[in-house]
There are 4 protein chains.
Amino acid sequence: MLIHYFKFREKRQIIKNNGNINNSNNDKYDKILNAAIKVFAEQGYYKSTISQVAKEAGVADGTIYIYFKNKADILFNFFSYKTRMVFDRFKDEVEKADNAKDKLRNLIRSHLAEFQRDPNVAVVFQREALNARHIDDVLIKDISKMYLDILDDIIRQGQKEGYIRKNFQKGLVKRFILGAVNEVINTWVVTCGKYDLVSMADPLVDLYFNGISPDKPVTPQPG
Amino acid sequence: MLIHYFKFREKRQIIKNNGNINNSNNDKYDKILNAAIKVFAEQGYYKSTISQVAKEAGVADGTIYIYFKNKADILFNFFSYKTRMVFDRFKDEVEKADNAKDKLRNLIRSHLAEFQRDPNVAVVFQREALNARHIDDVLIKDISKMYLDILDDIIRQGQKEGYIRKNFQKGLVKRFILGAVNEVINTWVVTCGKYDLVSMADPLVDLYFNGISPDKPVTPQPG
Amino acid sequence: MLIHYFKFREKRQIIKNNGNINNSNNDKYDKILNAAIKVFAEQGYYKSTISQVAKEAGVADGTIYIYFKNKADILFNFFSYKTRMVFDRFKDEVEKADNAKDKLRNLIRSHLAEFQRDPNVAVVFQREALNARHIDDVLIKDISKMYLDILDDIIRQGQKEGYIRKNFQKGLVKRFILGAVNEVINTWVVTCGKYDLVSMADPLVDLYFNGISPDKPVTPQPG
Amino acid sequence: MLIHYFKFREKRQIIKNNGNINNSNNDKYDKILNAAIKVFAEQGYYKSTISQVAKEAGVADGTIYIYFKNKADILFNFFSYKTRMVFDRFKDEVEKADNAKDKLRNLIRSHLAEFQRDPNVAVVFQREALNARHIDDVLIKDISKMYLDILDDIIRQGQKEGYIRKNFQKGLVKRFILGAVNEVINTWVVTCGKYDLVSMADPLVDLYFNGISPDKPVTPQPG
DNA sequence: CATGAATGAGAATTCATTCAT
DNA sequence: AATGAATGAATTCTCATTCAT
């Protein structure tokens, strides 16, 4: 599926790049993708119809099939195009910090900020990524891995630096971190964005590092 | 919606209880529900068809409509009947412990054990609960709340006992705990249950309490 | 179809007469038929279900198939058994009068009285007879003919007696009379029996005989 | 329901009017409606299936749902679109005459002519209007009322002019007139249009005005 | 005879996708 | 490229009828 996708993507790249900068084709691609995200966010992927997406995008039903292979391909493009962009931004933010602690803080902050900035993307990502994960979609696993790889680097660095202890399975810690952010986002989404999501970043990072215990018994542990 | 459900449930109770112990009606209700869970787990709710569920259950398509109002009602019954049972068991396990630390450990353990015991239930619950949450389903919110209420009690008790610090938003901590277990379960589900899920309980609880920091306050130690 | 029916009827006669006077089988046949009439009257034949009829009759769904070949057969029995009884009573009433004028009045009176007495029978008869007529059902045509034959006799006698003029197609006059009563009944049915139907008999017969003209120019016409 | 209908109709008007004179959209709407009328006439509304209508119209099943909301809506459109047209023609014909007698004659003539011209319309109208009347359909009652209102005007005028006597319930007379035409049409329909329906108009109107009595008051004359 | 759970053929309806314009 | 009417496969759901108990 992924291979097929990239073949297809290639073709689209041609479409997308075959002209001037204010490429109107590219515009339409984005218009449809954004419309789809909105509709998918509101109704879920399966309950959404191509007609609804077309209407939201202000194009004819048939036009969608010029820019996307089929309905599933819209979701596919969402994950690869949209989220890849987002994850790249995460990486950039992480790079800006020096130590693991600040890197993790930056990751969580930009993660929450990104999803707060575009709740529809948040909804679709959170919901459909989970679906796709269970259905075993190569692309999704790829994308999940991107995030986990960022975390991996941070943890490794943190352990070197002594900010992070070493006596645990790294895999578990990554789930622990990712799961908590996701749940915070999901809850925020369900409340329809009633509070400031980014303000959750610091308390959350605090919990990551120090847990819920009041204060730790200080037994010295060499780094 | 919940009220409607209970009215309907009542009717089914009559069917389910009107006979001997080897009640074949009850059998069929369970047979269909379990078949549905299996099919839903494999394909997702929307891609699953009634015919597939019927075939899996070894009954005719029409038979399903004797025991369930419609396709959605199967999911509805799954959440209320199946998960209510599960959550009651969680509560029982929690009760068995005295202090908050042990209670949380018991909760996480039984949670992981339960889902390891029946991975299909796990898959459907994790995936469709999230879907339903975004679509605002009263029942699902009810069920989510049950879990969060258990956590609430534990945290409150832990704060009294001194096991848990007080300087945080309780809401955030609950997400922090729930999100991490969920992610651990999801990951396990995606690997098709290749490792022992329950063994994750203790390390996870350790992370909840102590976080990822080493046990003593450290000064950054360049690697 | 009619032949088939009588074969079937025969079998039922056996059922109906195979015992004591308070034959409980016969009771059940009537109970179902009456329940069906009520349900059909409320919802129409096609929208009514066997389950509804069974519930109304206080029997199990399957029991209906002991007394009736299938759903259509219930309607069939309604027309043959119920309406045949009614039409026999019409004939009796007509016989009680001597001259054509009184005979027609008696017919119309008993017709309206009968339908007023049992509105459900009226509804089903009026509605389904028309349906059946267009679908060309032998039995229905038979029954319609019974009524028209009564009318035929009356008109013939009236013409002999000089009460009824001769210069018209008899067929048309019969439609003219039957159509008017039917419409009066239908209107009454639609108003849910809000007024006294029988009181319409005399004015209607007056219209049959004298029409809507104020008074006729008297040109002598030898009988 | 009527309101809902007009909202829907509006949408269709857009479809129907958005083009050239040989509007193929309009064609298809008519093609389906006429096909439906034919199929409904042959089998009755409930026994007819969408597939049959589609086949008769030479379109795919799904196409029907572009032009009609659902199966019931086809019947609905038949009554409002087709019969409204017919009734307007009735009114026009009535207007052409001066006195009540001629007006009634024109009404009956055009009524019979119209139904003779298109027997399928006649069948469906006669049968389904009756069904709908018992089920209480706003539109049908509306349409029935249109006819009764025309009659009302004629009777009122006739009473002023002296053509029609005054000593009766107007409601009854209207049923009397309508019922007779309907029955004449129904009988003609059942015979599959074997004779000339319009030729029944004059004798029928004669019966309306003069009834079945001979032209002078008679003393019973034993046959 | 009576029951009513089970059946499965059949109907309405939806909607992704195509293709002539 | 863009359109949107048309398509028909696929799905849900109903309900007359059967048959084991």
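To find a chain, count down the sequence lines: A is the first, B the second, and so on, and within it residues start at 1. The model shown is predicted, which means the values in this text are computed figures rather than measured ones.
- Distance, Lys55(B) NZ to dT7(E) C1': 17 Å, rounded to whole Å.
- Not one N or O on the side chain of Gln43(C) forms a donor-acceptor pair closer than 3.5 Å with the backbone of Phe40(C).
- If you check every strand for non-hydrogen atoms under 4.0 Å, Ile50(B) touches sugar and phosphate atoms only.
- Taking atom CD on Gln43(A) and atom C1' on dT14(E), their separation rounds to 14 Å, with Å as the unit.
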Apply side chain to side chain contact (heavy atoms under 4.5 Å, CB included) to residues Lys82(D) and Phe125(D) and explain how you reach the verdict. CA-CA 10 Å; Lys82(D) 275 273 165 186; Phe125(D) 186 84; over 6 Å; no
Taking N or O atoms only and anything under 3.5 Å, show me the protein contacts with nucleotides 7-9 of chain F, one pair per line.
from	atom 1	to	atom 2	distance (Å)
dT7(F)	OP2	Ala60(D)	N	3.1
dT7(F)	OP2	Thr63(D)	OG1	2.4
dG8(F)	N7	Gly62(D)	N	3.3

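- The main-chain N or O of Val59(D) is never found under 3.5 Å from a side-chain atom of Thr63(D) such that the two would form a donor-acceptor pair.
- The side-chain tip of Lys71(C) points at the ring of Tyr45(C) from less than 6.0 angstrom away and within 45° of straight on.
- One atom, NZ of Lys71(B), and another, P of dT14(E), lie 16 Å apart when rounded to the nearest Å.
- The main-chain N or O of Asp73(B) is found under 3.5 Å from a side-chain atom of Asn70(B) such that the two form a donor-acceptor pair.
- The side chain of Tyr65(D) sits closest to dT14(E) out of dT17(F), dT14(E), dT12(F).
- Between the NZ atom of Lys69(D) and the P atom of dT14(E) there is a distance of 11 Å, rounded to whole Å.
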Pairing string of DNA chain E (Watson-Crick or G-U wobble, both atom distances under 3.5 Å; | = paired to other strand) is .||||||||||||||||||||
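- A side-chain N or O of Asn77(A) and one of Tyr29(A) form a donor-acceptor pair less than 3.5 Å apart.
- Nearest-nucleotide assignment on DNA chain E puts the 5′-proximal partner with Ser51(D), out of Tyr46(A) and Ser51(D).
- Rounded to an integer number of Å, the gap from NZ of Lys47(B) to P of dA10(F) is 15 Å.
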Assess whether side chain to side chain contact (heavy atoms under 4.5 Å, CB included) is satisfied between Asp30(D) and Tyr81(D), documenting all intermediate values.
CA-CA 10 Å; Asp30(D) 286 337; Tyr81(D) 175 63; 3.6 Å; yes
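- Whole-Å rounding puts the Ile32(B) CD1 to dA6(E) P distance at 8 Å.
- Arg127(C) contributes a side-chain N or O that, together with a main-chain N or O of Ala41(C), makes up a donor-acceptor pair within less than 3.5 Å.
- When rounded to the nearest whole Å, the span between NZ of Lys31(C) and P of dT3(E) equals 9 Å.
- With rounding to whole Å, Phe68(B) atom CZ is found 19 Å from dT11(F) atom C1'.
- A distance-only check finds a donor-acceptor pair linking the side chain of Gln52(A) to the backbone of Thr49(A) [under 3.5 Å].
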